Amino acid sequence: MKECLRKQISLWTASALLMGGLAACGGGGEGAPADSSGTPEGESEIKIGILIPGSPTDGGFSQQAAEAGSLLEEQFSCEVAVVEAATADAIKSEGESMAAEGYKIVFGHGGQCSTPLAEISKDYPDTRFVTTGGTEVRENQFPVSLCLEQSTYVAGVVAGMMTESNMLGCSVGGDYPAYTKTTNAFELGAKSVNPDVKILFNVLSSTDPTEGYEVTMNQIKMGADFIYSNSNEAQSGSIKAAAESEGVYAFGTLGDFIPQAPETVLANTMGDWSKAFINATEAILNDEVGEPEIMYLDMSNESVSFEWNEELKKEVPQEVLDKVDETIQAIADGTIHVPNEYELG
């Protein structure tokens, strides 16, 4: 595992992704000077691991987790290791290695981490396992749910009001509720203002940008004039397809994708994953977790937002802008409820 970590750190350094101290593998080199506690100078006794499903430079889901690692180091003076683990076997193996090495917290970024980590968490009672999504709750494991479906519902409202074809395209990087809750919300939002709208929906076989491009281009050829893709790296391919097609708009997901296609990306559906990592870490280190349960982050605590492309916003009809403001307020105060992954099963 340590070879993997060193390779990951090298990648971050080359891309200048993170500011300040980069996430590093715990356990310094031999001969490092030690303080009175026996811990090498410059190292923390607290080690935290973050498992991500894709590249730390994907511009979205995985990158947010990688960047959160640097924030954790700064705020809690801990050591953080971020490792790419895309399969169930890799998640289980890397998580187990971290726990065996004495990591205080192991984060699994994505609902796909829930079951693999539940298979090992009972064997490492001194480690807390936290998944961003997922359903497994154990004595030392719980999920954090970022309610991205709320901001995606707002995107659906925009698409439903502005579409000229009544055809919208959606794609996700996996067929499980943490993904499909967003496309479900997009459809609900669109149909709340336009019952005649139709949704073209695809589950990608991979998060490869080429597949994202091809699937989205096919949706556009079938008439879709608004595109929403929640598919990690494949999202960039979807946005590229939209940018190459006249009269088609797209929404960015979990990152600022406006610079990629400033005349195409109408808005970003944002969720602040750093709050998930910080809130969970703070609760664990302060022994405030108590009985493990799902931790929710949503519009009511400003963890989820809908962010316009300010240039394109100038072309949006006022009635749409007003409806967006009304919808955001209704979601935040609970007047509009958008189903989360647990309600979808």
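Keep in mind it's a predicted model, so treat the numbers as computed, not measured.
Salt bridge annotation for K191-E187: present, with a cationic side-chain nitrogen under 4.0 angstrom from a carboxylate oxygen. Under 4.0 Å is where a charged nitrogen must lie from a carboxylate oxygen, and between K313 and E311 no such pair does. Using a 4.0 Å cut-off between charged side-chain N and carboxylate O, K47 and E79 make no salt bridge. A salt bridge links E244 to K240: at least one charged side-chain nitrogen sits closer than 4.0 Å to a carboxylate oxygen.
Between I278 and F76, the closest side-chain pair of non-hydrogen atoms falls below 4.5 Å. Considering only heavy atoms from C-beta on, M270 stays 4.5 Å or farther from V304 through its side chain. Annotation: side chain of L266 is in contact with side chain of F226 (closest heavy-atom distance under 4.5 Å). Between S171 and E211 there is no side-chain heavy-atom pair separated by less than 4.5 Å. Looking only at side-chain heavy atoms (C-beta outward), V82 and P56 stay at 4.5 Å or farther from each other. Taking 4.5 Å as the limit, every side-chain heavy atom of N268 sits out of range of all side-chain heavy atoms of F251.
D225 and S165 are linked by a side-chain donor-acceptor pair at a separation below 3.5 angstrom, with hydrogens and angles left out of the test. Defined by atom type and a distance below 3.5 Å, a donor-acceptor pair is present between the side-chain atoms of Q219 and N202. With no hydrogens or angles considered, a side-chain donor-acceptor pair links E343 and H337 at under 3.5 Å. For the residue pair N230/T253, the side-chain donor-acceptor check at 3.5 Å is not satisfied.
When ring centroids are compared, F186 and Y153 stay outside the 6.0 Å threshold.
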Passes side-chain contact (heavy atoms from CB on, under 4.5 Å), I105 versus T281? Steps please. CA-CA 8 Å; I105 307 170; T281 298; 4.0 Å; yes
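At least one donor-acceptor pair under 3.5 Å links the side chain of Q150 to the backbone N or O of M299.
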Distance-only donor-acceptor pairs under 3.5 Å for side chains of residues 284-293, two or more places apart:
residue	atom	partner	partner atom	Å
N286	ND2	E282	O	3.2

